[in-house]
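Here is the structure we will look at, set down as structure tokens.
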Amino acid sequence: MSTSMNMGRVVFYEDGNFQGRSYECSSDCADMSSYLSRCHSCRVQSGCFMVYDRNNYMGNQYFMRRGEYSDFQSMMGMTDIRSCRTIPMHRGSYRMRIYERDNFGGQMHEMMDDCDSIMDRYRMSDCQSCNVMDGHWLMYEQPHFRGRMIYMRPGEYRNFRDMGMSGMRFMSMRRITDMC
């Protein structure tokens, strides 16, 4: 049996080093511009979050867990945070099927644990669709959990290009465990 609970709190600040106006958030926020004119630092007090450099959970993404992030530009290469999504704490099994081509085509492999290289483990050079059955996952564009990432929650993802991920190839996957 698996369960997911939302538990998290983050405080965003307009300027670096936790200066300027602030906005406290404990749920998804698709557009932070009504609270802050910009966002350059934050403190994650509890839980895990994905932050995005564009509104509506679009653009580059970055995973944040409990801690202090004093300067997004130097720490993440992001100049601003425009939206954020809470990541529910998941207890239970993790299961995801990855597919070589879009619309669940080509090679298929079922994963239940982290994979630092789909090329090494499965002899698969690309992943263009997936079905997340259990748990929450991060997919990375390079092996060994490096490069840009995308947050995947339970659901079917038939075509990464349709999600604005055109040109990205996902080469490693990691479960978001209760490390938050």
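Values reported hereafter were calculated over all heavy atoms of this structure, with side chains retained and with hydrogens, waters and symmetry mates removed.
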Tell me yes or no: between the side chains of S83 and N55, is some donor less than 3.5 Å from an acceptor?
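Side-chain D/A pair, S83 to N55: absent.
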Donor + acceptor pair across side chains of S172, Q142 (<3.5 Å)
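S172 vs Q142: no donor-acceptor pair found between side chains.
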Could you pull out the closest heavy-atom pair between [X] and [Y], with the gap in Å?
| X | Y | answer |
| --- | --- | --- |
| R153 | V132 | O-CB, 3.6 Å |
| V10 | V44 | CG2-CG2, 3.8 Å |
| H136 | P154 | CE1-CD, 3.7 Å |
| M173 | W137 | CB-CE3, 4.3 Å |
| N131 | G155 | OD1-O, 3.3 Å |
| S129 | G105 | OG-N, 4.4 Å |

Please check if the side chain of [X] supplies one atom and the backbone of [Y] the other of a donor-acceptor pair under 3.5 Å.
| X | Y | answer |
| --- | --- | --- |
| D31 | S33 | yes |
| Y57 | A30 | yes |
| E100 | Q107 | yes |

When the ring planes of F160 and F170 are compared, do they come out parallel, tilted or perpendicular, using 30° and 60° as the limits?
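Answer is perpendicular, since the angle exceeds 60°.
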Should the pair F145 and Y140 be assigned to parallel (<30°), tilted (30 to 60°) or perpendicular (>60°) ring geometry?
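Perpendicular: the ring planes of F145 and Y140 meet at over 60°.
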Could you grab the distance from atom [atom1] of [X] to atom [atom2] of [Y], nearest 0.5 Å is fine?
| X | Y | atom1 | atom2 | result |
| --- | --- | --- | --- | --- |
| D53 | C39 | CG | SG | 11.5 Å |
| Y23 | I81 | OH | CD1 | 14.0 Å |
| R175 | D134 | CZ | CG | 12.5 Å |
| E24 | R43 | CD | CZ | 12.0 Å |
| E14 | M32 | CD | CE | 9.5 Å |
| I98 | M111 | CD1 | CE | 5.5 Å |

State, yes or no, whether a side-chain contact exists between [X] and [Y] at a heavy-atom distance under 4.5 Å.
| X | Y | result |
| --- | --- | --- |
| F12 | C25 | yes |
| M64 | C42 | yes |
| Q61 | R148 | no |

Any chain of hydrophobic side-chain contacts (each under 4.5 Å) joining [X] to [Y]?
| X | Y | value |
| --- | --- | --- |
| F63 | V11 | no |
| L36 | F18 | no |
| M112 | I176 | no |
| M133 | L138 | no |

Measure from NZ or CZ of R21 to the centre of the six-membered ring of Y13, then state whether that distance is under 6.0 Å and the direction lies within 45° of the axis.
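No; the conditions do not both hold, so R21 does not lie above the ring face of Y13.
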Run the side chain to side chain contact (heavy atoms under 4.5 Å, CB included) test on D80 and F72 for me, step by step, so that the C-alpha distance in whole Å, both residues' side-chain angles and the decisive distance to 0.1 Å come before the verdict.
CA-CA 7 Å; D80 200 6; F72 292 148; 6.0 Å; no
Let's go through Q45 and R9 carefully: what are the C-alpha distance in whole Å and the side-chain angles of both, what is the deciding distance for side chain to side chain donor-acceptor pair (under 3.5 Å) to 0.1 Å, and is it a yes or a no?
CA-CA 5 Å; Q45 297 172 341; R9 189 168 69 212; 2.6 Å; yes
Intermediate values then yes/no, side chain to side chain contact (heavy atoms under 4.5 Å, CB included), C29 and Y35:
CA-CA 10 Å; C29 181; Y35 306 106; 3.9 Å; yes
With a sphere of 6.0 Å drawn around CZ of R146, does it hold more than 12 non-hydrogen atoms of other residues, nucleotides or ligands?
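Not buried by this count: 12 neighbours or fewer within 6.0 Å.
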With sequence neighbours left out, which residue pairs that include part of residues 107-127 fulfil the ring pair (Phe, Tyr, Trp, His ring centres under 6.0 Å) condition?
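Those involving residues 107-127 are H109-Y122.
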Other members of the hydrophobic cluster containing Y99, with the 4.5 Å side-chain heavy-atom rule, please.
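Answer for Y99: F104, M108.
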Passes salt bridge (Lys or Arg N to Asp or Glu O under 4.0 Å), R169 versus E141? Steps please.
CA-CA 5 Å; R169 295 174 53 183; E141 70 176 340; over 6 Å; no
Test side chain to side chain contact (heavy atoms under 4.5 Å, CB included) on Y62 and F49 and set out the steps.
CA-CA 8 Å; Y62 191 80; F49 292 82; over 6 Å; no
Option among D114, D116, D113 that satisfies the salt bridge (Lys or Arg N to Asp or Glu O under 4.0 Å) test with R121:
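Answer after filtering D114, D116, D113: D113.
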Criterion side chain to side chain contact (heavy atoms under 4.5 Å, CB included) on R85 and Y52, from CA distance to verdict:
CA-CA 8 Å; R85 189 179 299 268; Y52 304 80; 3.7 Å; yes
Give the intermediate values and the outcome of salt bridge (Lys or Arg N to Asp or Glu O under 4.0 Å) for residues R38 and D15.
CA-CA 8 Å; R38 63 191 174 278; D15 300 319; 2.7 Å; yes
Return the set of residues passing ring-ring contact (aromatic ring centres under 6.0 Å, His included) with Y157 (not counting sequence neighbours), or none when no residue passes.
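Applying ring-ring contact (aromatic ring centres under 6.0 Å, His included) to Y157 gives none.
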